[in-house]
Amino acid sequence: MKLYRRNFLKTGLAVASGIALRPFKALSNTNLQATEITKPIVLSTWRFGIEANNDAWGILKQNGSALDAVEKGVQRVEADPEERSVGYGGRPDRDGNVTLDACIMDEKANIGSVACLQHIKHPISVARAVMEKSPHVMLVGEGALQFAMRQGFPKEDLLTKASEKEWREWLKTSEYKPVVNIENHDTIGMIALDAHGNLSGACTTSGMAYKMQGRVGDSPIIGAGLYVDNEVGAAVATGHGEEIIRVVGSHLVVEQMRHGKSPQDACEAAVQLILKKFKIRQQDYSATQIGFIALNKAGEFGAYCLQKGFNFAVLDEKKGNRLIDADYLIK
Ligand code: ASP
C-alpha cells in the first residue's frame, strides 16, 4: 500500500500539480485547459469494481457520458447472484427481506435515489428514473416499488437459495455482529470522468446483512453515500453507513477538494473526522470499516479507509484496469 501511495504521489500529484498550486479555486472545464487531464477514467469500490469498470469503460471509450457509464457499470454487480452485498442475491434483513438502496448523481447536480426497495434487480436504474421521470429525488419502500413497476421494471424474487440458507443459519443465533471487511456488507460505488470532462457517480447496495427491517444506510443518501460537483470532483463511500451519515461523508470529501485538498488528502480528512467522532462518543470502532474513493476534474484520484482491507478498482487508458489496496488510518 505504501508503494501505491508513493507512486501515486509521484505520478498522480505531479501530473496534476496545477491543482495543488491553486488552492481554494474551483476547477471548471475552462481553467483546467492548461492542466494535463486523465480522462476518461473510472473508479469503483472493492474487487467487484474491476468487472464493473470494464462495463463502464465500454461506454466511456466511445465518448459516452459518465452518467450512462456509472449506471451500466454498477448494474453488473447488482445482477450477479454471487455478490451477496448488492442487488440480486444480496443478504436480506433479519426478517428475510432483500431491501436495496441506491442513488445516482450527474454533472448538473441532478439526483435520484431509492431506499428500502424490494423485488427490483436494478435499483440504480430506478434511482435514475426517479431523477429523470419523477418530480422528486428520493422514493422509499412500497412507493418506490410501485413507481418502479409503473416504469416497467419487472418484479422479481431477489432472495437466492444461497442467501436464504445463510440467513436461516444466522437466525439460529441471531447475533448481529458486523465483522470488518468480511462479506456482510460492501457497496459498489462508482465515480467517473468522461471524455467531455463531466463527472457522475452511482452507488448501490443491499446494505448491512441482517439489518433491522426498514434500516437505511448512507448509500442512497446524496451527500453521505455519494456526491458529485462537476466543478470540483466526486466521492463515494462504503462501510458502516451510520458513521458515514454522521459526517455526511461524500459531501465532506468533495468540499475538502473544493478547498484545495487532493482527492487523497480529502479522503483522509473524512476518515479522520469519523474516527474523531467515535472517540468523542467513546464508542468501540474495532469492528468498523469505512472507505472513501474520490476523483477530481483533472482525473486525479485517491482513497482511504479506517482499517486495513479496503480495495478499489481504477481504469484509464494509460494504465488499464487495476485493483489497489487503499491506505488506512488505524495501523
Ligand atoms: N454503506 C453500506 C451501508 O451502510 C454498506 C457497505 O458499504 O458496506 O448500507
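Note that the structure is a prediction, hence the values are computed from the model and not measured. Side chains included, hydrogens not; waters and symmetry mates left out as well; all remaining heavy atoms used. Whatever order the structure lists them in is the order used to number ligands and atoms, beginning at 1. Note that the numbering runs from 1 along the sequence shown for the chain.
Taking distance alone, with nitrogen or oxygen atoms compared against 3.5 Å, E242 stays at or beyond that limit from ligand 1. Residue G239 has at least one nitrogen or oxygen atom sitting less than 3.5 Å from a nitrogen or oxygen atom of ligand 1, judged on distance alone. At under 3.5 Å, not a single nitrogen or oxygen of D101, backbone or side chain, sits near a nitrogen or oxygen of ligand 1. In terms of polar-atom proximity, defined here as any N/O pair under 3.5 Å, D218 does make such a contact with ligand 1. Geometrically, ligand 1 and G217 share no nitrogen or oxygen pair separated by less than 3.5 Å.
Of all the atoms in ligand 1, the ones that sit under 4.0 Å from a non-hydrogen atom of T238 are 6 (C), 7 (O), 8 (O). Annotation for ligand 1: atoms under 4.0 Å from non-hydrogen atoms of S219 are 1 (N), 2 (C). Atoms of ligand 1 found under 4.0 Å from any heavy atom of G241 (numbered from 1 in listed order, with element): 4 (O).
Among K211, Q289, R215, the residue whose heavy atom lies closest to atom 3 (C) of ligand 1 is R215.
In terms of the salt bridge (Lys or Arg N to Asp or Glu O under 4.0 Å) criterion, D93 has no residue partners (sequence neighbours excluded).
Counting only N and O atoms by type, the side chains of T205 and S219 include no donor and acceptor under 3.5 Å apart. Using a 3.5 Å distance cut-off with no hydrogens or angles, the side chains of E71 and S125 do pair a donor with an acceptor. A donor-acceptor pair shorter than 3.5 Å cannot be found between the side chains of Q272 and E268.
A parallel orientation is assigned to the rings of Y210 and W170, their planes being inclined by less than 30° (bins at 30° and 60°).
Relative to the ring axis of F310, K308 does not place its NZ or CZ within 45° and under 6.0 Å from the centre.
Using a 4.0 Å cut-off between a side-chain N of Lys or Arg and a carboxylate O of Asp or Glu, E164 and R168 qualify as a salt bridge.
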